[in-house]
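Accompanying notes for the structure given below.
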Amino acid sequence: MLQVSQLRENRDSIIAALAKRNKDFSQQIDEIIRLDEIRRKSQNDLDNNLAEANKLSKEIGDFFKSGKKEQAEAAKPRVAALKETAKELEQTLQQTEDAQKQLLYTIPNVPNDIVPNGKVAEDNQEVYIWGKMPQLGEHKKPHWELIEEYDLIDFELGTKITGAGFPVYKGAGAKLQRALINFFLDEATKAGYREFQPPLMVNEASGFGTGQLPDKEGQMYHVGVDDLYLIPTAEVPLTNLYRDVILKEEQLPVKMTGYTPCFRREAGSWGAHVRGLNRLHQFDKVEIVQLVHPEKSYGILDEMVEHVKGILEKLELHFRVIRLCGGDMGFTSALTYDFEAWSGAQERWLEVSSTSNFETFQANRLKCRFKNSEGKTQLVHTLNGSALALPRIVASLLENNQTPEGIRIPAALVPYTGFDMIRK
RNA sequence: GGAGAGAUGGCAGAGUGGUCGAUUGCGGCAGUCUUGAAAACUGUUGAUGUGAAAGCAUCCGGGGGUUCGAAUCCCUCUCUCUCCGCCA
């Protein structure tokens, strides 16, 4: 959620930057500014009204104390009248604030200067590429065939006990999951992130804090009887740990990591290209989250990007980093880098991480602030990134490392799996 | 699930209808003292809105009500604790 004060002060530049999202937000923004004037006016009227009523009430108290009962009784109707007006003013104020909020929810974050123009994935900028395409020969198989051949993951069993998109990992397949999770968590803790194991369900306030609510309910599983949401990413519980918190400046940066399963309904996005592990309703992910000083957030975004690069290199996966264009960027982000690993048999790039700076967009909703050196409270910047999401990593590992003898495990992972080859 | 108690500032903990945004202690910050530190002493120390500022307004778990006036009384919701039951 953008800050109204920012909209007021930087109206033109914000509208210009938002144009990168291929939409003109000037109407909404002007309406927000207009409502804000009404809001401030009503607030002021209400304050004056209440001040008057407070003053009279005190006087009445004093009259009673000094035995001037008649004067006290005489003043009562005046306060009552003020209270009536106050009620109306309060209503106006409330309605104005609500209307303003509703509008604010519809405005996405302001793209950073370096976000490229563009509408679709093809307009994204490749900023880094590492490794080279594996040479697999004619008999290469996509991962959904490999997992059957080596008996690693069972989609049909998952469908039987739950439904489509809920795979069952078996034997070496399950072990590989555990190895990857531990490897990712170790890499993150080595980089200074503190490990957390948060709840997998969150309440409404948390969904709201990170921006999944009120607009994207449809993407989350909702447990109706208890009114809880299954988390679509660890970003939600981790970031919300600091909801309504005022940090000390020296506590920054807060660096958190956590492994969680993630649950996504993916309503409407099922279709071509979602075979096998490409898209699931439940998947595992290690997330990294940082709460930082606003002046440092872009340096830290680069640092997080380097961290994810390091992991992918250790996994020996051919990958690239792309800077998302305005049209492809998420609603809450100011700048996003996606990581895509090469899938050798599908012969296409698979998104395995998305690392973003949200600036104050989340913090404003979360009310996550810090006391700066002047003693003023100021919103932090929040950032997060997948480091990493498992299924597509598994898909790429299986496909790229297939050999006639079996599937080779990258050296960095062997201490975690305990085997260097998956054989039949 | 049954019975009871409770929710106040970073923490602990007073406050049961009027000057209470709230006594006090701890913690934090600044100062005095000290070569320095500790101790002691003194002062200071919540958030939000508005405003250039002074100030004004709002906030004592959330929402509603009674009253001229509510942290204090009433209703309701949520959460926490204790005992019992169940249980990985």
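Below, chains carry the letters A, B, ... as their sequence lines are ordered, and counting in each starts from 1.
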Relative to each other, are the rings of A:His293 and A:Phe370 parallel, tilted or perpendicular (30° and 60° limits)? tilted

Should the pair A:Tyr221 and A:His281 be assigned to parallel (<30°), tilted (30 to 60°) or perpendicular (>60°) ring geometry?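 Plane angle over 60°, so perpendicular.
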
Which residue lies toward the 5' end of RNA chain B, A:Arg39 or A:Asp62, if each is placed at its nearest nucleotide?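 In this pair, the answer is A:Asp62.
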
Is there a side-chain contact between A:Leu247 and A:Lys371 (heavy atoms, below 4.5 Å)? no

Within the structure provided, determine whether A:Phe361 and A:Phe331 are in side-chain contact (heavy-atom separation under 4.5 Å). yes

Within a 6.0 Å radius of atom [atom1] on [X], are there more than 12 heavy atoms belonging to other residues, nucleotides or ligands?
X: A:Glu204; atom1: CD; answer: no
X: A:Arg243; atom1: CZ; answer: yes
X: A:Lys309; atom1: NZ; answer: yes

[X] [atom1] to [N] [atom2], straight-line distance once rounded to whole Å:
X: A:Lys376; N: B:U45; atom1: NZ; atom2: P; answer: 15 Å
X: A:Leu89; N: B:C56; atom1: CG; atom2: C1'; answer: 15 Å
X: A:Asn44; N: B:G55; atom1: CG; atom2: C1'; answer: 12 Å
X: A:Arg243; N: B:A47; atom1: CZ; atom2: P; answer: 20 Å
X: A:Lys371; N: B:U44; atom1: NZ; atom2: C1'; answer: 14 Å
X: A:Asp244; N: B:G10; atom1: CG; atom2: P; answer: 12 Å

Any side-chain N or O of A:Arg369 under 4.0 Å from OP1/OP2 of B:A47? no

Side-chain N or O of A:Thr377 less than 4.0 angstrom from OP1 or OP2 on B:A47?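 No, because none of the side-chain N or O atoms of A:Thr377 sits under 4.0 Å from OP1 or OP2 of B:A47.
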
Thinking salt bridges, do A:Asp30 and A:Arg34 make one under a 4.0 Å N-O criterion?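 So A:Asp30 does not pair with A:Arg34 through a salt bridge.
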
Can we say A:Lys87 and A:Glu90 salt-bridge, meaning some charged N sits less than 4.0 Å from an Asp/Glu carboxylate O?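 Here A:Lys87 does not pair with A:Glu90 in a salt bridge, since their nearest N and O are not under 4.0 Å apart.
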
Whole-Å [atom1] distance, [N] and [M]:
N: B:C75; M: B:C83; atom1: C1'; value: 28 Å
N: B:C29; M: B:A37; atom1: P; value: 13 Å
N: B:U66; M: B:A30; atom1: C1'; value: 47 Å
N: B:U80; M: B:U24; atom1: C1'; value: 25 Å
N: B:C74; M: B:G17; atom1: P; value: 12 Å
N: B:A54; M: B:A39; atom1: P; value: 35 Å
N: B:C11; M: B:G27; atom1: P; value: 16 Å
N: B:C20; M: B:U8; atom1: C1'; value: 12 Å

Could you write nucleotides 57-78 of chain B as a row of B, S and -, 5' to 3', where a protein heavy atom under 4.0 Å of any base atom gives B, of only sugar-phosphate atoms gives S, and otherwise -? SS---------BS---------

Ring centres under 6.0 angstrom apart (A:Tyr105, A:Phe208):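 Yes, the ring centres sit under 6.0 Å apart.
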
Would you classify A:Arg78 as touching base, sugar-phosphate or nothing, given that sugar-phosphate means primed atoms plus P, OP1 and OP2, and contacts are heavy atoms under 4.0 Å? nothing

Using Watson-Crick pairs (N1 to N3, plus N6-O4 or O6-N4) and G-U wobble pairs, both distances under 3.5 Å, which stems of at least 3 pairs involve RNA chain B?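 Stem list for RNA chain B: B:1-7 with B:78-84, B:10-12 with B:24-26, B:27-32 with B:40-45, B:46-50 with B:55-59, B:61-65 with B:73-77.
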
Only one of A:Ile231, A:Leu230, A:Leu213 forms a side-chain contact (heavy atoms from CB on, under 4.5 Å) with A:Met220, so which one is it?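 Among A:Ile231, A:Leu230, A:Leu213, the one meeting side-chain contact (heavy atoms from CB on, under 4.5 Å) with A:Met220 is A:Leu213.
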
With no hydrogens and no angle check, is any side-chain donor or acceptor of A:Glu399 less than 3.5 Å from a backbone partner on A:Gln346?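 Indeed, once roles are kept as given, a pair shorter than 3.5 Å links the two residues.
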
Checking the side chain of A:Lys119 only, and the main-chain atoms of A:Arg21 only, is there a donor and an acceptor separated by less than 3.5 Å? no

Distances for protein N or O near nucleotides 51-54 of chain B N or O, under 3.5 Å:
| from | atom 1 | to | atom 2 | distance (Å) |
| --- | --- | --- | --- | --- |
| B:G51 | OP1 | A:Arg40 | NH1 | 3.0 |

